[in-house]
Amino acid sequence: MPKLTTRYTNQSLAETFRLIADLLEIKGEVIYKTLAYRKAADSLTNLGRDINEVAKEGTLTELPGVGKAIAEKISELLTTGKLDFLNKLAEEVPLSLADLLQIQGLGPKKVGLFWRELSITNLDELKTSAETGKLRHLPGMGAKSEEKILAGIAALARRSGRTPLGIAWPFAQDLLAWLRTLPGVTAAEAAGSLRRMRDTVGDLDILAAAEDSEPVMQAFVERPDVIEIIGHGPTKSSVEFANRLHAQLWVHPPARFGTALQYATGSKDHNVRLRELALNLGYSLSEHALKRTNDESELTCATEEEVYAALGLPWVAPELREDRGEVQAAKAGTLPTLITVNDRLAELHCHSNWSDGKATIREMAAGAAQRGLKLIVISDHSQSLGIANGLSVERLQQQRAEIDAVQAELGNSIRILQGSEVEIKADGTLDYPDDVLAELDLVVASLHTSLGQPRQQVTQRLISAIQNPHVDIIGHPTGRMIPDREGADLDMDAVLAAAVKSGVALEINAHPSRLDLNDIYARRAAELGIPLSINTDAHAPQHFDLISFGIATARRAWVTPEQVINCWDVDKIMGWLENRRRDV
DNA sequence: GCCGTTTTCGGCCCGACTGTTTTCAGTCG
C-alpha cells in the first residue's frame, strides 16, 4: 500500500490509482470503472516524462486513459498531496483489504464476501477464520477453498515479488530445452513477460506444441523440482518449483501454435487491442484460432506471422507488445527497424584486472574480438572507488602502456581504447582532474555512492557530470539494482534536457541486475535525439554475452541501430569522439 | 470512467481451470 507523500512520482501516482481500482472492485463498483483506473495507472507507468511537468502544461487529458475525472484527481494529488475521493473511499472500504488480493486464487468478490459477512479486514483475520473453519459456511465456499486460501497465504510468505529477468531467463531456457526432448513435442517457446523481455517477470509462461497434450502436462507436473501443483488441465497447468519460481505451461497442437503463442505472449493490453481489431474485421480472436463471427468457421495459424497478417498487420516484435502505440504503428506501417544483437560492433564500458575485473586486458580484448567486436574501451574504476581497486592517476598512466602493447600484439583484429569509469563524487565533481580526463580516449561517468541524496542534489550532481566537456557517456544513469535497490531519485526530465544540450550519450547498462536506463526512459531519450550506448559493464569476457539483455531493453524502447553508438563502425565512433574533444 | 473513419451514448476480449454446484461463479492470464 503506498503511503501518502506530498511529492508524487509517476510510479506512486500509478500505485494510488491501482489501490483505488482494487478498493472499488471489492466494493462492487461496475467493473469498467475499476478498469479505467487501472488503465490510467498503466498510462502513468509507461510515461517517460515527469507527471508534474505534464500537469503544469495542462495536458493531462491527452494521456491515454486519462479523462476529465482522473485528470482532476491527479491534479489534486499533485497540488495537495491528498485525495478527498480516496479518503472517503477508505472510510467505506478498509485499505488493508487490498492486501488480501495478493493471495493466489482470491479475488475481489471473495474478499468482499469475507469482509461483509465476517468482518475480515486483514491477512491475520483471514488466516484465523480459514483455520477455524469459519469460511466454509459462506455461499460458494467449502473446506477445499479454505485449504487453498491457507496455501495461498503460505505461498505469499515464501515469495518476494517479481523475479529479475537475469534469473528467470536461464531457468526458463533449461525448462524449454527439457520440454523439447519430450516425445511428441514439436516446439517449445517462452511467452509472457519473459518473451517480451521485461526487466522482471512474474510467473514463467511457457508454451509447447504437441498433438497430444496429456503426456506433456503429466511430465511437467511430475518434474522432481515441482513442489506444488497449482493447476493441472489438458491445455494449461501451473506449478511452483523448489526455487520458488512459478511457471505455467500451455500445450496446443502445432497447427494452432501461432495463435497460442501470440495469446500467451501478451501483453494483456496488446491482446485486447488485437481482439478489438479482429472484431472490426469480423473475427473473434482466441488462443485457438481466428473465428469468423458470421459463420463460426475457423482460420487456424501455425505461426504468429499468420495471425498478424490476418489482421492486416506486419509481425510485431514481442518486446514492443505493451500497448504503447505498436498496434497503431503496425497499422500505419511505421514500426521501427529494431536493433539486434548482431548490430553491436563495440563495447564501450568494461573492466580489467587493473581494477575489479577478473581478466587481463589481453583476455578482454581477445574475448571481444572473438565475439566479432571491432572496438573495445577498457574503462576501469577511478581512484576513489577503493572497494573496486580504483586506479590512481599514476596507475592509470601505467595502464596505457599495457593497452598499447596488447594493441600491437592483436594488430587490427580489434581497436582497443583507454577509457575510465569515473566516479561522480558526492559533491558532483569527478574523480580525476580535467587534465587527466583529457588524456583518455573515452570517459564514462557514473554514480555509485550516495545514491540516497535528495532529489535536487543528486539531479544537480548528475547534471554537473553531463556538463563536463570531458565526459562522453553517463554509465547506468540511475544506479538502480534489480530487484533490491531503487535508483537515485532523479528529475529525469532535467537530466534528459541537460543531455540534449551537452551531446553526451546515455548508457543502457546491459547487466540484468541493472538494465539502466530502463525501457521507458531509453525511449524518451531516443525520441529526444540523445545518443545511446549499450554496454555490458563486463568484468570477464563471458559477460560480453549479457548484451542480449541490454539489446532487449533497447528494443522495448523502440530503438534502432543508428541511435546506438555501439552499432556504428569504428571510423564513425572515432569521429564522434574527436568532435567531442574538439568542442572542449 | 474513458472513448469514437461504424458511436458524444452505449459500448468496453476470450477461454481454461477450480470448487462449488447440478449449470455456474470466481479467478487468472
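Numbered from 1 within each chain, the chains take letters A, B, ... in sequence-line order. Predicted model, so just to flag it, every value in this text is computed and none were measured.
The separation between A/Leu35 atom CG and B/dT27 atom C1' is 14 Å, rounded to whole Å. Distance, A/Gln102 CD to B/dT27 P: 14 Å, rounded to whole Å. The distance between atom CG of A/Leu113 and atom P of B/dG19, rounded to the nearest whole Å, is 18 Å. Between the P atom of B/dG29 and the CZ atom of A/Arg273 lies a distance of 22 Å, rounded to the nearest Å. One can place CD of A/Glu62 at 15 Å from C1' of B/dC3, the figure rounded to the nearest angstrom. Between the CG atom of A/Leu106 and the P atom of B/dT18 there is a distance of 17 Å, given to the nearest Å. If you measure from atom CD of A/Glu25 to atom C1' of B/dT27, you get 10 Å, rounded to the nearest angstrom. Counting to the nearest Å, the P atom of B/dG29 and the CG atom of A/Leu261 are 18 Å from each other.
Against DNA chain B, the stretch residues 122-152 of chain A makes heavy-atom approaches under 4.0 Å through A/Gly140, A/Met141, A/Gly142, A/Ala143, A/Lys144, A/Ser145, A/Lys148. Within residues 42-52 of chain A, no residue places a heavy atom under 4.0 Å from DNA chain B.
Note on A/Lys73 versus A/Asp84: no salt bridge recorded, every NZ/NE/NH1/NH2 to OD/OE distance being 4.0 Å or above. With salt bridges taken as basic N to acidic carboxylate O contacts below 4.0 Å, one links A/Glu527 and A/Arg523. Looking at A/Glu287 and A/Lys236, no side-chain N of the basic residue comes within less than 4.0 Å of a carboxylate O on the acidic one, giving no salt bridge. No salt bridge links A/Glu53 with A/Arg49; every basic N to acidic carboxylate O contact stays at or beyond 4.0 Å.
Between B/dT20 and B/dG10, the two P atoms lie 41 Å apart (nearest whole Å). Distance noted for atom P between B/dT21 and B/dT27: 16 Å (whole Å). Taking the P atoms as reference points, B/dT5 lies 23 Å from B/dG1, given to the whole Å. Spacing of C1' atoms, B/dT6 relative to B/dC12, comes out at 15 Å, to the nearest Å. For the P atoms, the distance linking B/dC28 with B/dT23 amounts to 26 Å, nearest Å. Taking atom C1' in both B/dC17 and B/dT8, the straight-line distance is 40 Å, to the nearest Å. Nucleotides B/dG11 and B/dA16 have their P atoms positioned 26 Å apart, rounded to a whole Å.
Residue A/Glu211 comes nearest to A/Pro254 through the heavy atom pair OE2-CD, 3.5 Å, listed as atom of the first residue, atom of the second, then distance.
Sequence order on DNA chain B of the closest nucleotides to A/Pro64 and A/Ala264 puts A/Pro64 first from the 5' end.
Nucleic acid contact class of A/Leu277 (heavy atoms, under 4.0 Å, all strands): none. Across all strands shown, A/Lys68 has heavy atoms under 4.0 Å from sugar-phosphate atoms exclusively, and none from any base. At the heavy-atom level, A/Leu274 lies nowhere under 4.0 Å from the strands shown.
Out of B/dT6, B/dC2, B/dG29, the shortest distance to the side chain of A/Gln248 is found at B/dG29.
A/Ser297 pairs by the side chain to side chain contact (heavy atoms under 4.5 Å, CB included) definition with A/Arg292, A/Asp295, not counting sequence neighbours. Scanning for side chain to side chain contact (heavy atoms under 4.5 Å, CB included) contacts around A/Ala219 gives A/Trp178, A/Leu182, with sequence neighbours left out. Legend: residues meeting ring-ring contact (aromatic ring centres under 6.0 Å, His included) with A/Trp558, ordered by chain and number and at least two apart, are absent. In this view, A/Pro64 and A/Ser43 satisfy the side chain to side chain contact (heavy atoms under 4.5 Å, CB included) rule, not counting sequence neighbours.
Residue pairs meeting the salt bridge (charged side-chain N to carboxylate O under 4.0 Å, His left out) criterion with at least one member in residues 128-145 of chain A, sequence neighbours excluded, are A/Lys127-A/Glu131, A/Arg136-A/Glu146. Applying the ring pair (Phe, Tyr, Trp, His ring centres under 6.0 Å) test to every pair with at least one member in residues 223-246 of chain A, sequence neighbours left out, gives these pairs: A/Phe171-A/Phe241. For residues 247-270 of chain A, every residue pair satisfying the salt bridge (charged side-chain N to carboxylate O under 4.0 Å, His left out) rule, not counting sequence neighbours, is listed here: A/Arg256-A/Glu298. Residue pairs meeting the salt bridge (charged side-chain N to carboxylate O under 4.0 Å, His left out) criterion with at least one member in residues 546-559 of chain A, sequence neighbours excluded: A/Glu319-A/Arg555, A/Glu322-A/Arg556, A/Asp519-A/Arg556.
Nucleotide B/dT27 forms a pair with B/dA16, judged by Watson-Crick or G-U wobble geometry with both contacts under 3.5 Å.
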Under 4.0 Å protein heavy-atom contact, by nucleotide of nucleotides 7-17 of chain B - B base, S sugar-phosphate only: -----BBBSSS

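Aromatic ring orientation, A/Tyr37 versus A/Phe85: parallel (interplanar angle below 30°, classes split at 30° and 60°).
When A/Asp489, A/Asp199, A/Asp516 are each tested for a salt bridge (charged side-chain N to carboxylate O under 4.0 Å, His left out) with A/Arg480, only one passes: A/Asp199.
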Protein N or O to nucleotides 24-26 of chain B N or O, pairs below 3.5 Å:
none

